[in-house]
Colleague: 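Mind looking over this structure? Questions follow.
Values reported hereafter were calculated over all heavy atoms of this structure, with side chains retained and with hydrogens, waters and symmetry mates removed. In what follows, residues are counted from 1 in the order of the sequence shown.
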Amino acid sequence: MKETKNISRSRAQESSAAIEKMYITMRHLFNRGFYKPMGISGDTLREALLALRPEIYGNIAEEKVELNGLLYVIERLPVGIEECRFINLTSDEGYSKSHFQAIVPPKRRRNCYRIDEEQMNVEITRGRSDIYDILTHLTFIFIESHKIRNRVLLDDAGEVSRDWFKLEQAVSQKKKLTLVEKEKAISHAANILGRTFEEVLDIYDAFGSAAAPDRFLHVIFWLGKLAIEEIVDDNKRTITFSPILRERLGHHIHGEIWATNIKEVLKENQLLDRPIHVISANMHSVMNSIFATEVLKTKFKEKSDFFIYEELSKSGANAVRNQVEEVALKCGMISLPDTSGTNIDVQIFDTAKIDWAKTSFPKANIGDKEPVLIVMDYAFGEQAYETIDELLKPFKKDILLNVESVSIMGKAGILEGGKGDIMIPNAHINEGTADNYFFVNELTADMFEGNDIAVFAGPMVTVLGTSLQNRDLLKFFHESTWGIIGLEMEGSYYQKAIQSASKIRKSVPHDVKVRYAYYASDNPLETGSTLASGGLGTTGVKPTYLITIKILEQIFNVK
């Protein structure tokens, strides 16, 4: 009789299955309309996240509370969400016209409204990726909150430990804690979290702000308090999806308004018949690359261009930034702050109004039909498809846009190398489905050599969320024949929209050029180099501007 082979799954296969399970579960919960994250309806999501153990969430599967992951998540959620038992995900439903003040998380642009003591509304206007992002983060902080509860709740009747009682006393104080009070509170918090005094002290100030310097204690207390109430009083936290959000999602409503606004402005300024180059980047690198060096040359005598870009990137540099913007606005730049709900601001540059001798591109050769640049801020995940798909559609159904190129410059995780290195992809592979989008990239690795920055070329994987990645899965992508060099969240969505517009729907020229280049924000395969280990600082300035300049040199035909 033939012996049955014992087939076991690798960690990479388990991780891939966990991501697929999370993806399907989140869509199911959305269609259902509500669920209780720490109840039976949230079981599958919690189990999948604990099976996956993403790098960004560190010690999620251990008993001690994960501090770096908690900071990463708290910076992407609205202030006060830890106090709320009811979290309602909504579409743009008119709260901006009410007395409610919008709360915008420091590291993720989304409008949130505190409705009352128990409820936080979070506006979802950036598509499904926004929902995956927020549900994953909320699942993580609720798991962490029950770790706190496990360490402080002594019995089912609600008796708590002395450490918890002391933490509650510290949090209930309205004034700023003195150094002695703060250190006493940290000592009790460290016991509750299963962390050393030093570990808590090191991260304490990162949670705080000028208005709330002791926010760390507040976050820990409220997470634990609601977790205790879930067990003792059976008061379960609930996440709901508004009927309007469920009705609107997936129909490109915000993307269509956004794209129509841009085309209306092009029409008003008689730019619709000109060659158009779309650039997805941030709102300063294109403007600064063209104008900053000339505008600021007297202020920064004999300094390199990259030194000037670093100065412009510093947090207190508003005066010099405004100086450059004033000149840009006089020389053909039109600024379009977002009003559609996509949270994607836009700049339009009419190159016919630029005096090239007074720019960083004096050798620009733009021909008789001066091009128009449409610079759009970063999209978020699946939102990239919605926005580019709508932008490349004809205006008023019959006016085709002469889009000559689409250039994408963004941040990504790198799988070989470190922060600040550059990646030049030749294909995007969709995680989970293995749908793949091969393209001819106008940018090549050779163009970036000789700048003291490592450059890597090859396929990249478009992931459901950066917070869903773990080392085993990424190692498989990197070391197998896929040969993945990095991971990001938008590439395949951009390419899907560009291919359908140029090759199938014929709304833009068939030979539209594409450019993709990313700089590394983290290396999730290296301990201590994940996104949760902190930002890029000025490390990102040089690769950002290097990529921007190479894109502009091709558009302006600079030899």
Side-chain angles (χ1 to χ4, degrees), residues 56-59 64-85 87 100-122 134 137-138 140-149 151-152 163-229 237 315 467 531-535:
I56 216 154
Y57 295 148
N59 302 307
K64 57 185 176 184
V65 173
E66 166 56 36
L67 297 181
N68 284 325
L70 188 60
L71 175 63
Y72 177 84
V73 168
I74 285 294
E75 288 179 330
R76 284 154 181 79
L77 293 173
V79 171
I81 199 163
E82 67 276 6
E83 300 174 13
C84 297
R85 276 205 309 121
I87 294 160
F100 295 113
Q101 287 294 309
I103 306 167
V104 182
K107 296 282 178 76
R108 187 75 84 227
R109 286 185 303 169
R110 46 167 80 101
N111 290 334
C112 309
Y113 300 93
R114 184 77 178 264
I115 303 304
D116 54 37
E117 285 179 8
E118 290 191 308
Q119 183 180 333
M120 180 73 76
N121 280 14
V122 181
I134 200 162
H137 289 342
L138 289 172
F140 165 73
I141 66 167
F142 292 165
I143 289 171
E144 296 301 304
S145 74
H146 276 258
K147 289 184 193 175
I148 297 168
R149 184 265 303 170
R151 300 184 76 96
V152 300
D163 285 316
W164 183 254
F165 181 66
K166 291 292 184 184
L167 177 65
E168 186 173 13
Q169 283 184 329
V171 170
S172 60
Q173 284 201 43
K174 299 297 176 204
K175 60 180 185 7
K176 183 184 173 182
L177 299 179
T178 64
L179 180 62
V180 173
E181 288 169 334
K182 173 181 153 182
E183 290 186 348
K184 281 181 183 176
I186 288 175
S187 173
H188 295 300
N191 277 347
I192 290 165
L193 302 172
R195 292 288 187 171
T196 65
F197 178 85
E198 188 178 17
E199 283 174 322
V200 176
L201 189 63
D202 285 348
I203 205 162
Y204 189 92
D205 290 337
F207 277 81
S209 62
D214 302 305
R215 186 169 179 232
F216 176 82
L217 301 175
H218 189 275
V219 168
I220 299 302
F221 172 73
W222 277 96
L223 286 178
K225 179 178 162 65
L226 294 189
I228 290 167
E229 286 174 5
R237 284 170 281 198
S315 55
S467 55
L531 279 172
S533 67

Colleague: Please report the closest heavy-atom contact between N191 and R151, naming both atoms and the distance.
Modeller: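 N191 and R151 have their closest heavy atoms at O-NE, 3.5 Å.
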
Colleague: Would F197 and E183 satisfy side chain to side chain contact (heavy atoms under 4.5 Å, CB included), going step by step from the backbone distance to the final call?
Modeller: CA-CA 9 Å; F197 178 85; E183 290 186 348; 4.1 Å; yes

Colleague: Measuring only between side-chain heavy atoms, which start at C-beta, is S209 closer than 4.5 Å to R215?
Modeller: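 Of all side-chain heavy-atom pairs linking R215 with S209, none is under 4.5 Å.
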
Colleague: Is the shortest heavy-atom distance from the side chain of V152 to the side chain of D163 under 4.5 Å?
Modeller: no

Colleague: Quick one, L138 and I81 - any side-chain contact, counting heavy atoms below 4.5 Å?
Modeller: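 Yes; the side chains approach each other to less than 4.5 Å.
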
Colleague: Working note: I192 + V65, criterion side chain to side chain contact (heavy atoms under 4.5 Å, CB included); need CA distance, chi angles, decisive distance, verdict.
Modeller: CA-CA 9 Å; I192 290 165; V65 173; over 6 Å; no

Colleague: So do the side chains of D214 and Y204 get within less than 4.5 Å of each other, counting heavy atoms only?
Modeller: yes

Colleague: Applying side chain to side chain contact (heavy atoms under 4.5 Å, CB included) to F221 and E82, what does each step give before you reach the verdict?
Modeller: CA-CA 9 Å; F221 172 73; E82 67 276 6; over 6 Å; no

Colleague: Where do S145 and L223 come nearest, in terms of heavy atoms and distance?
Modeller: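 Closest approach of S145 to L223, heavy atoms only: CB-O, 3.2 Å.
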
Colleague: How about K184: does its NZ atom have over 12 heavy atoms from other parts shown lying under 6.0 Å from it?
Modeller: no

Colleague: Determine, for E118 against R237, whether the closest basic-nitrogen to carboxylate-oxygen distance falls under 4.0 angstrom.
Modeller: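 Here E118 does not pair with R237 in a salt bridge, since their nearest N and O are not under 4.0 Å apart.
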
Colleague: Looking at CG of L67 and CG of L193, how far apart are the two atoms once the value is rounded to the nearest 0.5 Å?
Modeller: 6.0 Å

Colleague: Check whether E66 reaches the backbone of N68 with its side chain - one donor and one acceptor, N or O, closer than 3.5 Å.
Modeller: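 It does hold such a pair.
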
Colleague: I need the L217 CG to Q169 CD distance, nearest 0.5 Å.
Modeller: 13.0 Å

Colleague: Between R195 and D202, does any side-chain N to carboxylate O distance fall below 4.0 Å?
Modeller: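 Answer for the salt bridge query: no.
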
Colleague: Take M120 and I115 through the test side chain to side chain contact (heavy atoms under 4.5 Å, CB included) and record every step on the way to the result.
Modeller: CA-CA 6 Å; M120 180 73 76; I115 303 304; over 6 Å; no

Colleague: To the closest 0.5 Å, what do you measure between CZ (R114) and CG (N121)?
Modeller: 11.0 Å

Colleague: Say you draw a straight line from CD1 of I143 to OH of Y57; how long is it, rounded to the nearest 0.5 Å?
Modeller: 9.0 Å

Colleague: Is the shortest distance from a Lys or Arg side-chain nitrogen in K175 or E181 to a carboxylate oxygen in the other one below 4.0 Å?
Modeller: yes

Colleague: Can you say whether the rings of F100 and Y113 are parallel (under 30°), tilted (30 to 60°) or perpendicular (over 60°)?
Modeller: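 It falls in the perpendicular class, over 60°.
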
Colleague: So which atom in A185 and which in A170 form the shortest heavy-atom distance, rounded to 0.1 Å?
Modeller: CB-CB, 3.8 Å

Colleague: Report yes if some heavy atom in the side chain of H188 is under 4.5 Å from a heavy atom in the side chain of W164; otherwise report no.
Modeller: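 H188 vs W164: side chains apart.
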
Colleague: So, do I141 and V219 sit near enough that their side-chain heavy atoms are less than 4.5 Å apart?
Modeller: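 SC-SC contact between I141 and V219 ruled out.
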
Colleague: Should R149 and K225 count as side-chain neighbours, where that means a heavy-atom distance under 4.5 Å?
Modeller: no

Colleague: State, yes or no, whether a side-chain contact exists between P105 and R110 at a heavy-atom distance under 4.5 Å.
Modeller: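 A side-chain contact under 4.5 Å exists here.
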
Colleague: At what distance, to the nearest 0.5 angstrom, does CZ of R76 lie from CD1 of I134?
Modeller: 12.5 Å

Colleague: Is there a donor-acceptor pair closer than 3.5 Å between any side-chain N or O of E83 and the backbone N or O of G80?
Modeller: no

Colleague: For the atom pair OH (Y72) and NZ (K107), what is the distance rounded to the nearest 0.5 Å?
Modeller: 9.0 Å

